[in-house]
Amino acid sequence: MSSDPTYDAISKAKRQSESGNPQGAVKTLEDYLATDPHNVKARMELARIAVYDLKDKEYGLMQLEAILDLDPDNLDAIAAQITVLSADKRNNRVVKEKLEKLEREMPCAKVYNMCARFYKFQLGDFKGAEQYYLKAIELEPNEYEWHLNYSVLLLNDLRDWVKAKRELEILLEMNPGDPKLQKAYNRLINEKFDANGNVKKKGLFRRRALRRFCGFQQSVACAYY
């Protein structure tokens with residue numbers, strides 16, 4: 001039996017939530033936090049269950065605020081808060097302010113990736129998103145996720161086939177056995193490049209292919225919890 005009460009409480013709550021009892025999971029974590037109110041891990045799990053399983057965003061955000069009261073620089077809590085708020089575009093101004101604060105105070109690849117996703121999905125500013133992905137890649141050039149997110153932006157939104165080809169080649173070097181990556185790369189080469197390796201002047205990369213690649217990207221996209 002585990003001697004770590006935090007681990008025990010979180011594990012029990014996860015089992016309860018996964019079995020269809022999020023209310024019980026919330027109570028388990030609330031009872032534990034009554035004995036250890038400053039425990040960030042347990043409160044993060046409570047926020048996650050509240051938002052995604054109990055469907056109570058207000059209560060989840062309240063838990064994240066409590067974490068930030070204890071630890072204002074907790075990047076995971078800030079990222080989770082931004083994820084929840086970003087679900088509603090009416091929160092764009094607030095989210096943008098939070099991201100700008102993060103960028104000033106905690107510039108790092110994860111923050112740049114968050115900014116890129118916000119610019120892409122919430123603002124529809126694809127060029128702005130590109131600049132943030134490039135910043136993330138510059139700081140962490142071997143991070144698979146940043147290259148993957150950037151490649152999808154290039155394929156689906158910017159339609160920059162030359163850059164997309166380069167990013168897919170980088171991804172294939174990192175993960176050479178991935179059949180979906182290879183298929184996307186082959187389709188790009190066959191449909192957008194001629195025999196000399198130059199971009200064709202006519203023809204479009206079929207939307208069907210883009211949707212397939214986008215679906216692949218979503219399955220491994222950054223999750224803040």
Side-chain angles (χ1 to χ4, degrees), residues 10 14 39-52 57 60-61 63-89 91-158 163-164 166-168 170-175 178 181 213-225:
I10 291 175
K14 285 182 176 179
N39 192 296
V40 169
K41 286 185 178 180
R43 203 169 290 279
M44 278 290 290
E45 183 62 21
L46 176 56
R48 187 193 68 79
I49 290 173
V51 171
Y52 293 105
K57 290 184 179 180
L61 287 169
Q63 299 305 319
L64 294 173
E65 285 290 349
I67 293 170
L68 292 171
D69 285 342
L70 296 168
D71 180 9
D73 294 332
N74 189 303
L75 182 56
D76 289 335
I78 297 171
Q81 188 182 56
I82 288 171
T83 300
V84 176
L85 291 172
S86 293
D88 188 340
K89 288 190 176 183
N91 296 323
N92 275 2
R93 181 182 61 80
V94 173
V95 172
K96 192 170 186 291
E97 289 173 356
K98 288 180 179 292
L99 287 170
E100 288 171 349
K101 183 174 184 291
L102 275 182
E103 189 179 356
R104 288 193 306 269
E105 299 179 1
M106 289 183 281
C108 64
K110 183 175 181 179
V111 168
Y112 292 144
N113 182 65
M114 290 165 56
C115 290
R117 291 175 62 79
F118 175 74
Y119 270 70
K120 175 181 176 177
F121 293 110
Q122 303 304 114
L123 302 183
D125 182 350
F126 304 133
K127 280 294 185 181
E130 179 181 29
Q131 294 309 306
Y132 279 112
Y133 280 137
L134 289 173
K135 286 184 177 183
I137 290 169
E138 182 179 7
L139 286 182
E140 295 181 358
N142 296 321
E143 176 56 53
Y144 184 86
E145 185 176 302
W146 311 156
H147 287 284
L148 181 60
N149 290 347
Y150 182 38
S151 68
V152 175
L153 179 79
L154 293 169
L155 285 168
N156 288 12
D157 305 303
L158 293 176
K163 290 181 181 178
R166 184 170 67 246
E167 287 300 313
L168 287 174
I170 292 171
L171 288 166
L172 283 167
E173 287 180 5
M174 293 179 172
N175 189 13
D178 192 299
L181 270 179
F213 192 85
C214 184
F216 167 70
Q217 184 261 356
Q218 293 297 333
S219 69
V220 294
C222 178
Y224 299 133
Y225 278 105

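Keep in mind that this is a model prediction, so the values were computed, not measured.
Not counting sequence neighbours, Lys14 has no partner by the side-chain hydrogen bond (donor to acceptor under 3.5 Å, both in side chains) test. Contacts of Gln131 classified as side-chain contact (heavy atoms from CB on, under 4.5 Å), with partners at least two apart in sequence or in another chain: Leu134. With sequence neighbours excluded, the residues that form a side-chain contact (heavy atoms from CB on, under 4.5 Å) with Asp157 are Lys120, Phe126, Leu153. Applying the ring-ring contact (aromatic ring centres under 6.0 Å, His included) rule to Tyr150 yields no partners; only residues at least two apart in sequence or on another chain are considered. Looking at residues two or more places apart in sequence or on another chain, you find a side-chain hydrogen bond (donor to acceptor under 3.5 Å, both in side chains) between Asp88 and Arg90. Residues passing the salt bridge (Lys or Arg N to Asp or Glu O under 4.0 Å) test with Lys135 are Glu103, sequence neighbours excluded. Here Phe118 pairs with nothing under the ring-ring contact (aromatic ring centres under 6.0 Å, His included) rule; sequence neighbours left out. Under the side-chain contact (heavy atoms from CB on, under 4.5 Å) criterion, Arg93 pairs with Glu97, not counting sequence neighbours. The side-chain hydrogen bond (donor to acceptor under 3.5 Å, both in side chains) search around Lys41 returns none, not counting sequence neighbours. Every residue meeting the side-chain hydrogen bond (donor to acceptor under 3.5 Å, both in side chains) condition with Glu105, not counting sequence neighbours, appears here in chain and number order: Lys101. Residues meeting the side-chain contact (heavy atoms from CB on, under 4.5 Å) test with Glu143, sequence neighbours left out: Glu140, Glu145, Trp146.
Residues Cys108 and Leu75 share a closest heavy-atom pair of SG-CD2, 4.0 Å. When every heavy atom of Leu171 is checked against every heavy atom of Ser151, the shortest pair comes out as CD1-OG, 3.6 Å. For the pair Gly60 and Ala47, the tightest heavy-atom approach, listed with the atom from each and the gap, is O-CB, 3.6 Å. Pairing each heavy atom of Leu139 with each of Ala109, the nearest pair is CD1-N, 3.7 Å. Here the closest non-hydrogen pair linking Tyr119 and Gly128 is CD2-CA, 4.0 Å. Of all heavy-atom pairs between Leu172 and Asp178, the closest is CD2-O, 4.5 Å.
The closest donor-acceptor contact from the side chain of Asn91 to the backbone of Leu85 lies under 3.5 Å. No donor-acceptor distance shorter than 3.5 angstrom exists from the side chain of His147 to the backbone of Asn142, with no hydrogens or angles considered.
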Take Ile82 and Leu102, measure what side chain to side chain contact (heavy atoms under 4.5 Å, CB included) needs, and give me the verdict at the end.
CA-CA 11 Å; Ile82 288 171; Leu102 275 182; 3.8 Å; yes

Full working for side chain to side chain contact (heavy atoms under 4.5 Å, CB included) between Val95 and Gln122:
CA-CA 10 Å; Val95 172; Gln122 303 304 114; over 6 Å; no

Would you sort out whether Arg48 and Met44 count as a side chain to side chain contact (heavy atoms under 4.5 Å, CB included), showing the intermediate values?
CA-CA 6 Å; Arg48 187 193 68 79; Met44 278 290 290; over 6 Å; no

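For the atom pair CG (Leu181) and CG (Leu148), the distance works out to 7.0 Å, reported to the nearest 0.5 Å. Rounded to the nearest 0.5 Å, atoms NZ (Lys98) and OG (Ser86) are 10.5 Å apart. Between Glu45 atom CD and Ile49 atom CD1 the span is 4.0 Å, to the nearest 0.5 Å.
Gln63 places none of its side-chain heavy atoms less than 4.5 Å from the side chain of Ile67. Residues Lys127 and Leu158 are in side-chain contact: their nearest non-hydrogen atoms beyond the backbone lie under 4.5 Å apart. Within the 4.5 Å cutoff, the side chain of Asn92 has heavy atoms near those of the Lys89 side chain. Between Arg43 and Asn39 the shortest side-chain heavy-atom distance does not fall below 4.5 Å. With contacts defined as side-chain heavy-atom distances shorter than 4.5 Å, the pair Tyr112/Arg117 does not qualify. At least one side-chain heavy atom of Ile137 sits under 4.5 Å from a side-chain heavy atom of Glu167. Contact of the Asn113 side chain with the Val111 side chain is not registered, since no non-hydrogen atoms from C-beta on lie closer than 4.5 Å. For the pair Met106/Ile78, a side-chain contact is recorded, criterion being any heavy-atom separation below 4.5 Å from C-beta on.
Within the structure, no pair that satisfies the salt bridge (charged side-chain N to carboxylate O under 4.0 Å, His left out) test touches residues 146-156, not counting sequence neighbours.
Enclosure of atom CD in Glu138 is not indicated, since only 12 or fewer non-hydrogen atoms of other residues, nucleotides or ligands lie within 6.0 angstrom.
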